Amino acid sequence: MSQLNIQTITSVGIDIGTTTTQLVISRLTIENTASGTSVPRMEITAKEVIHRSKIYFTPLLDHELINSVAVANIVKTEYDAASLTPNDIDTGAVIITGETAKKDNAKSILEALAGLAGDFVVATAGANLESIYAGKGSGAAAFSSTRHQVIVNIDVGGGTSNFAVFHEGKAVDTACLNVGGHLIEFEPRSDKITYISKPAQKILTACGLTLSVNDHASMTQLRLITKTMAECVLELLNQNRLTPITQELLMTQSIRSPFSFHKVMISGGVADYVYTEIEPLSVEEVTCFGDLGPLLGWELGKKVVASGYSLEKPTETVRATVIGTGTQSVNLSGSTIHVSEQTLPLRNVIVLAPFATSENIPYQNISLPIIKAVQSLQEDGTNPYIALSIKGPQTMAFADIQALARGILEGMRDYLEEDKPLILILEDDCGKVLGQSIEALALGPIEVICIDQVVVDECDYIDIGKPLMGGRVVPVIMKTLVFNR
Amino acid sequence: MTAEGNGQLETLIIQSVLEELSKNGLFDSKNKQQVVNSAVQVINSAASVPITPLIPEDEETVTLPTDEIMVDNPFNLEAIRAMKKTTPARIGIGRAGARQKTVSWLRFLADHAVAKDAVFVDVSEDFLKRMNLVAVTSAAQDKEQFLTNPELGRRLSEEGVRIIKEKCSKNPQVQICVVDGLSSSAIEANIPDLLPALIQGLNSIGLKIGTPVFIKHGRVWVQDQVAKLVDAEVVISLIGERPGLGTAESLSAYMIYRPNENTVEADRTVISNIHKGGIPPAEAGAHLVDVLEQILKVKVSGVKLNQK
Amino acid sequence: MILKAKVYNNVFAFKNLKEVLAKANEEKSGDVLVGIAAKSASERVAAKLVLSNLTLEDIYNNPVIPYEEDEVTRVIYDDLNLRIFQEIKGWTVGALREYILGHKATGGDLHHLSRGLTSEMIAAVAKLMSSMDLVYAAKKMRYQAHCNTTIGVPGTLAFRNQPNHPTDSIEGMISSLKEGLSYGSGDAVIGINPVEDNVDTVSRLLETTKNFMVKWDIPTQNCVLAHVTTQMKALEKGAPVDLVFQSIAGTQKANEAFGISADLIKEAFELVQKKGTATGPNLMYFETGQGSEVSLDAHYGVDMMTLESRTYGFGRRYYPFMINNVSGFIGPETIYSGQEVIRADLEDLFMGKLHGLPMGIAPCYTNHMKADQNEQELSTLLCAMAGSNYFMGVAGGDDVMLSYQDTSFHDDASTREILGLRPLPEFEKWLEKMGIMEDGHLSERAGDPSIFDK
C-alpha cells in the first residue's frame with residue numbers, strides 16, 4: 001500500500017497591492033497524523049517561509065494600469081534569488097489587492113502571472129479573501145485560537161483597509177474600506193501633491209478641503225485628512241451607524257460581527273507607524289515615502305486605543321497579506337476520497353449548492369434541485385465545470401448514500417453527457433463511499449471526483465490540484481469567497 | 001393531528017421566526033418564501049416517515065442534557081468552549097464542592113452502563129437474521145468464560161466448524177467475518193452500513209466474496225481458523241473493540257493474508273476506530289475495499305504490507 | 001518444610017512453596033485461568049495455614065523461579081541485606097505478620113526490616129492479611145523521594161496529572177492538563193501516555209509540558225510514558241525529561257516481552273542522571289500490575305500476587321521517584337471483579353511499601369470487567385487511608401486514550417478533603433498563588449481551566 005507518510009510542497013504567494021508588490025515562498029509539510037491502525041489523516045503540519053522578496057513598489061504604467069511585464073520580472077528576479085524555477089513551485093496564489101484589484105486589467109494580468117509562476121498557482125481576488133489572508137498572515141487568526149479571544153485584524157495598505165474578525169482561528173466576518181496610506185501621493189519628503197485618487201477626493205470633500213495636484217499641503221491639512229480616514233475605520237470597528245463618507249468608502253458590507261471584541265491588530269504597510277513611539281511631526285517626515293502612510297498609522301493607533309480597544313502587535317506588518325496568501329491558500333481534502341487522477345488538476349470550477357442545508361436533502365427527489373441549479377447557471381450562456389457542494393450529508397447511512405448517488409446521477413445526466421467529470425464536494429467524511437456508489441450505479445464508465453471535509457459555498461470558484469500523499473488527498477484552493485450572512 | 005392539518009401552524013411559526021431573524025439582520029428576507037417552503041416541506045416529509053416511538057408520545061421524558069460547560073462563572077468561557085473542542089476528555093464539567101455535578105455524574109454512569117451493556121449483552125438474533133449472516137459460536141460458552149479465558153474465543157466450537165463447512169462457499173478471495181468481540185453494540189451500530197459498502201466495493205472490482213459469517217464470543221484469532229476452513233485468500237474480521245466511556249460502538253477491521261501456524265500478530269493489518277464519531281462505517285467499508293485489494297495484489301498483510 | 005494442613009475434617013497437601021503461595025491467595029481470575037488457584041475455600045485456608053508456619057529461610061531457600069534461570073530472582077537475591085536476613089530467617093510468616101502489625105514496629109523499623117526480606121517473603125505475609133491488616137500495616141510505612149520536588153511528605157497526597165489524548169494532540173493534552181491543575185492535580189508528575197511511541201511525538205509532548213511548567217512556574221516534574229528506549233533516544237536528542245518511565249514485571253521473560261532488562265533500566269537511569277532536566281536523585285517512574293505476566297504468558301505457574309511482589313523487588317534497585325500498580329487495567333482474564341481489584345490494590349500498596357518503595361496506586365477498572373465506580377472509589381479511599389503517596393488524575397475519571405476509568409480530578413480533591421491531606425508543599429504554595437486553593441481546600445475559582453487563558 002502506498003504508505004507515503006510525509007511530503008513537502010512548495011507554495012508561492014504573490015501580493016500585488018496598490019503600493020507594493022511582494023512575494024514569499026513557503027514550504028508546507030503534509031503528514032499523515034493518524035496512528036498506525038487508523039485510517040490515514042493527512043494534515044498540513046508545518047508552514048515555513050523559505051524566501052521573502054524585497055518589497056517593490058507596484059510597477060504601474062499609469063495610475064490605472066499595472067505594468068505586467070515589470071511584475072513578471074520581479075517574480076523572475078525573486079525566483080532566481082531563491083534559486084528556484086517555476087517547475088519547483090507546486091502551488092500558491094497570486095492575489096491582487098486594494099485599489100489595484102479594481103483596475104480594468106487586473107484579471108488578465110493575474111492570468112498571465114498564473115502561467116509564469118508554476119503549474120498550479122492560481123489567481124485570486126476579492127476583498128473578503130484578502131482580509132482573511134491578511135489576518136492569517138499577521139498572526140491575528142492564531143491569536144484568536146491560542147488566546148481564545150475574538151480579535152479584529154485591520155490590514156491597512158496603500159489603497160484599502162481590510163477588516164477580518166477572527167474567532168477561534170476562523171474568520172467570522174470581513175469588510176473592506178477604501179482607506180489607505182497611498183490614496184494621495186506626494187513628492188517624497190515634500191509637501192507637493194502629485195496624485196489624488198478618486199476615494200481621496202471624496203475624503204477631501206468630506207473634510208471641506210480643496211486640494212489638487214501640484215498644491216502644497218500643510219501639516220494641519222494632513223492631520224485633518226488622516227484623522228478623517230482613521231475615524232472612518234473606527235466607525236466600522238464600532239459597528240455604529242455609518243456617516244455618509246464612510247458609506248461611500250465602504251467596498252463591501254459593513255462589519256456585523258456575531259461576537260463582541262475588544263482586541264484589535266493592525267497589519268499592512270502603515271502598521272509600523274501604528275506601533276511606533278515616534279510621532280511624525282513635519283510634512284517631510286509624513287511624506288518620506290511619497291504618501292500619507294506614516295501619519296495615517298499614527299492617527300489610527302491613537303484612535304483605536306482612545307476608543308477603548310486593546311491593540312495587539314502583529315507578527316507581520318507589511319508582509320501579512322503575502323504571507324497569508326502563500327501559506328494559507330491551500331486546503332486539503334479529507335483523506336478517504338474518490339478521484340480519477342488523470343482528470344486533475346481542474347481549474348475555475350464553480351460551486352453549486354443545490355441543497356441549502358444538510359437537513360434539506362429531499363431523499364425522495366434529489367435530482368430536481370440539482371437540475372434546477374445547473375440550469376440556472378447555464379442560462380447565462382457560460383458553460384463552466386460545476387462542482388456540487390453538499391452540506392453534511394446529515395445521514396451517512398449506506399441506504400441514504402445510495403439514494404444520494406442515484407439522485408446525483410439523475411440530476412447531472414445532461415451535464416455528464418457533455419463528457420465532463422462529475423465533481424462532488426462534501427462536508428462530512430463520506431467521499432469515498434459516495435464516489436464508489438456512483439461508480440457502481442452509473443450505467444457506463446464515469447469520471448468521478450468526490451472529495452470530502454472541505455467547506456465551500458455557492459458561487460465560490462475553486463481549483464482542485466493533483467493528488468498528494470500517494471493519491472490520498474487533493475489540494476483545494478479557494479479563489480473567491482462569498483461570505484454568507 | 002395530521003401532518004397536513006399541522007402544516008399551516010408550522011408555516012406561521014417558521015415565518016415569525018424568520019421575521020425576527022431578519023429584524024436583527026440575521027436573515028435576508030429576499031429568500032423568505034423559499035426558505036419557508038422548504039422548511040415546511042422538511043417537516044412534512046419527516047412527519048410522513050413512520051417512526052416507531054420508543055415511548056408513547058404523550059409521556060414526558062427526562063433526558064441527559066447535551067454535553068455543556070458547567071463551570072460556574074468561568075474566567076474565559078470562550079477558552080473552555082475551545083478546549084472542549086480539542087479533546088473528548090470530560091473537561092469543563094464544574095464541581096459541587098469537590099465532587100462532580102449531578103449531570104456529569106449521571107452522564108458518567110450512563111456511559112459506563114452503555115459500555116457494560118455493549119460487552120455483556122449479545123448481538124440480537126433478529127439482527128443476525130436481518131443481516132443474513134451465517135451464525136456460529138466460539139468455544140466459549142458464555143460471556144464470563146469468554147472474558148476470563150481468552151483462549152476459548154480464539155477457536156470455533158465444534159458445531160461452529162460443522163456449520164461453516166456446510167454453509168460457506170469455498171475458496172473465496174475475501175472471507176468476511178463479523179465478530180462480536182468486546183462490543184455487541186459496535187456490531188449492531190456499524191455493520192448495517194459497513195457491510196453493504198464493503199460488498200458493493202468488492203463486487204465492483206470483481207472479487208470473489210465468501211459467505212459472510214457471524215461469530216459469537218469471538219476474538220481476533222478465530223479468523224485464522226475460518227480462513228483455513230474455507231480456504232480463503234484473505235480474511236477480514238469486523239470486530240467490536242473494548243468500549244470506552246466515549247463510545248461503546250467502535251469497531252476494528254483485522255485483515256490477514258492466508259494465515260498459517262507461523263502467523264504472528266504483526267501479520268495482521270488493522271483499521272480501528274470505525275464508528276460514527278471516528279471513520280463513519282459506510283466510508284470505512286469503501287476504504288477497506290482499497291486495503292483488501294492491495295493485500296490481494298501483493299499477497300501479504302500487516303507490517304510487511306506497509307513495507308511494500 | 002511442612003506442606004500439609006488440616007482444616008477441620010479436611011487435610012490438604014501441597015507439592016511445593018509455589019503451590020502454597022498460589023493457593024493462599026484470595027480468588028482472582030488470573031490464578032484460576034492458569035489453573036493454580038485454590039479449588040475451595042477450605043483449601044485456601046489450608047494454604048494460608050501452611051504458609052503461616054513456614055520460616056523466612058524456607059522461602060529464601062525456595063525461590064519460585066530459580067536464581068540461575070531468571071534475572072528478576074537474581075536482582076532480588078543480589079540486593080538482599082544478608083545480615084538483616086540472618087537475624088530474622090527463623091521467623092515464621094505468621095510471626096512476621098504480627099511483628100509488622102505490632103505497636104512496637106515503627107515505620108523506621110519496617111524500613112530496616114525490608115532490606116532483609118525477599119519479594120516472596122513480602123508476598124507471603126500479605127497473603128495472611130485481611131484488607132484492614134493491609135491498610136493498617138501500609139499506613140505505618142511512608143517513603144519520600146525527590147525529583148524536582150519531594151513526594152511522600154507526611155500529611156500529603158499527590159497526583160499524577162494524566163492528560164492523555166487519543167491522537168496525541170498537543171492542544172487537547174493541554175486542555176486536560178489545565179483542567180487537572182485547576183483542581184490541584186499534578187504535583188506528583190505531569191505524565192502522558194502517548195499513542196504514538198516515537199521520538200518526535202515523545203519529544204513534542206515533553207517540550208510542551210516543560211514549557212508549560214516553566215511558563216506558569218509549576219513546581220513538579222514531567223514524564224512521557226513511552227517505551228524506555230524511545231525516551232532514551234529523546235533524551236539523547238536533548239528533550240527535557242524529568243522522569244524516565246517504564247512498565248516492569250516480575251519475571252525475566254515478561255520483562256523481555258516488554259523489551260527491557262536490568263541492564264537497560266540501569267542504562268536509562270544513568271542517562272537521565274547525566275542528561276535529564278531534574279534534580280534527582282530519584283529519576284525513575286515504574287508501572288506494574290498483577291496479571292501482566294499472565295497476559296504475556298510468562299508466569300512460570302507462579303501466582304499473580306507473588307509475581308507483583310517480585311516486580312517491586314526488581315524496581316527498588318533503581319530508587320524510583322514513583323511506582324504504582326495498574327492492576328485494574330490488565331483485563332478480566334486476570335482480575336475480573338471490583339472486589340478483586342480492591343484486594344489487589346491493597347496488596348500492591350502494602351507489598352510495595354514493604355519493599356521500601358514510594359508507592360502510589362492507580363485504583364482503576366475497564367469496561368469489560370465486573371467492576372464499577374463505587375468499587376473504584378472504595379479502593380481509592382482505602383488506599384488513601386493506607387498512605388498511598390499518590391494517585392492518578394484523569395478528567396472526569398475517563399481516560400479517553402486508554403479507554404479505562406481511573407481516579408478523577410474530583411476524586412483527587414475530594415480524597416484530600418475527606419482525609420485532611422494536602423498537596424506537596426511547594427505545589428500547594430503554587431496553587432495558592434494561582435488562587436486555586438486556600439487553607440487546604442479548593443477555592444471558589446478552582447475547577448475553571450480557563451484561568452490559564454488570560
Side-chain angles (χ1 to χ4, degrees), chain A residues 1-3 5 34-41 144-150 167-169 253 256 258-259 334-338 355-357 359-365 369 395-402 426 428-437 439-441 450 452 471-472 484-485, chain B residues 24-28 31 34-35 38-39 41-42 45-46 48-49 76-83 85 192-198 200-201 203-204 252-254 269-274 276 278-291 293-295 297-298 303 305-308:
Chain A
M1 197 177 335
S2 47
Q3 281 284 341
N5 274 324
S35 70
T37 68
S38 301
V39 171
R41 183 179 56 245
S144 72
S145 64
T146 55
R147 301 280 292 275
H148 308 296
Q149 295 173 43
V150 181
H167 171 252
E168 296 301 332
Q253 294 191 36
R256 237 185 266 135
F259 302 98
S335 302
T336 50
I337 56 172
H338 186 99
F355 318 116
T357 67
E359 293 87 35
N360 258 358
I361 300 172
Y363 280 98
Q364 286 76 15
N365 197 354
T395 134
M396 288 189 267
F398 184 73
D400 294 331
I401 301 273
Q402 295 288 106
L426 307 164
D428 292 338
D429 187 7
C430 61
K432 198 170 194 81
V433 67
L434 182 62
Q436 176 196 288
S437 298
E439 229 168 39
L441 294 167
C450 189
D452 58 27
R472 290 231 179 264
N484 286 346
R485 289 182 186 262
Chain B
N24 296 323
L26 295 168
F27 180 73
D28 183 355
N31 302 327
Q34 188 194 336
V35 173
S38 59
Q41 197 184 342
V42 167
S45 69
S48 64
V49 177
N76 184 340
L77 181 64
E78 281 304 319
I80 303 181
R81 202 169 277 148
M83 277 180 226
K85 282 192 190 137
D193 293 320
L194 192 158
L195 200 56
L198 177 62
Q200 170 183 272
N203 278 330
S204 71
S252 284
Y254 283 78
T269 295
V270 190
I271 301 288
S272 60
N273 201 32
I274 300 167
K276 62 176 183 282
I279 177 160
E283 186 75 347
H287 176 71
L288 288 169
V289 174
D290 279 5
V291 181
E293 191 181 12
Q294 273 296 320
I295 292 175
K297 198 168 108 195
V298 295
V303 174
L305 176 70
N306 296 342
Q307 289 160 351
K308 286 270 166 179

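As the structure is a prediction and not an experimental result, all values here were calculated from the model. All chains are named by letter (A, B, ...) in the order of the sequence lines, taking the proteins before the strands, and each is independently numbered beginning at 1. The basis for the numbers below is simple: all heavy atoms, side chains too, and nothing from hydrogens, waters or symmetry mates.
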How long is the gap from [atom1] on [X] to [atom2] on [Y], to the nearest 0.5 Å?
X: A:His148; Y: B:Met83; atom1: NE2; atom2: CE; value: 5.0 Å
X: B:Lys276; Y: A:Asp428; atom1: NZ; atom2: CG; value: 13.5 Å
X: A:Phe398; Y: B:Gln200; atom1: CZ; atom2: CD; value: 4.0 Å
X: A:Glu168; Y: B:Lys85; atom1: CD; atom2: NZ; value: 6.5 Å

Is A:Gln436 reaching over with its side chain to a backbone N or O of B:Ala197, donor-acceptor style, under 3.5 angstrom?
yes
Is B:Asp193 reaching over with its side chain to a backbone N or O of A:Ala397, donor-acceptor style, under 3.5 angstrom?
no
Just so I understand: if I count every heavy-atom pair under 4.5 Å between each of B:Ser204, B:Pro192, B:Ala82 and chain A, which residue has the most?
B:Ala82
Any side-chain heavy-atom pair of A:Pro40 and B:His287 under 4.5 Å:
yes
Close side-chain approach of B:Asn76 and A:Gln149, heavy atoms under 4.5 Å:
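B:Asn76 reaches A:Gln149 side chain to side chain.
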So for [X], is it side chain, backbone, both, or neither that comes closer than 4.5 Å to the heavy atoms of chain B?
X: A:Arg41; answer: neither
X: A:Ser145; answer: neither
X: A:His167; answer: side chain

Going by side-chain contact (heavy atoms from CB on, under 4.5 Å), B:Glu283 matches just one of A:Ile337, A:Val433, A:Ile401. Which one?
A:Val433
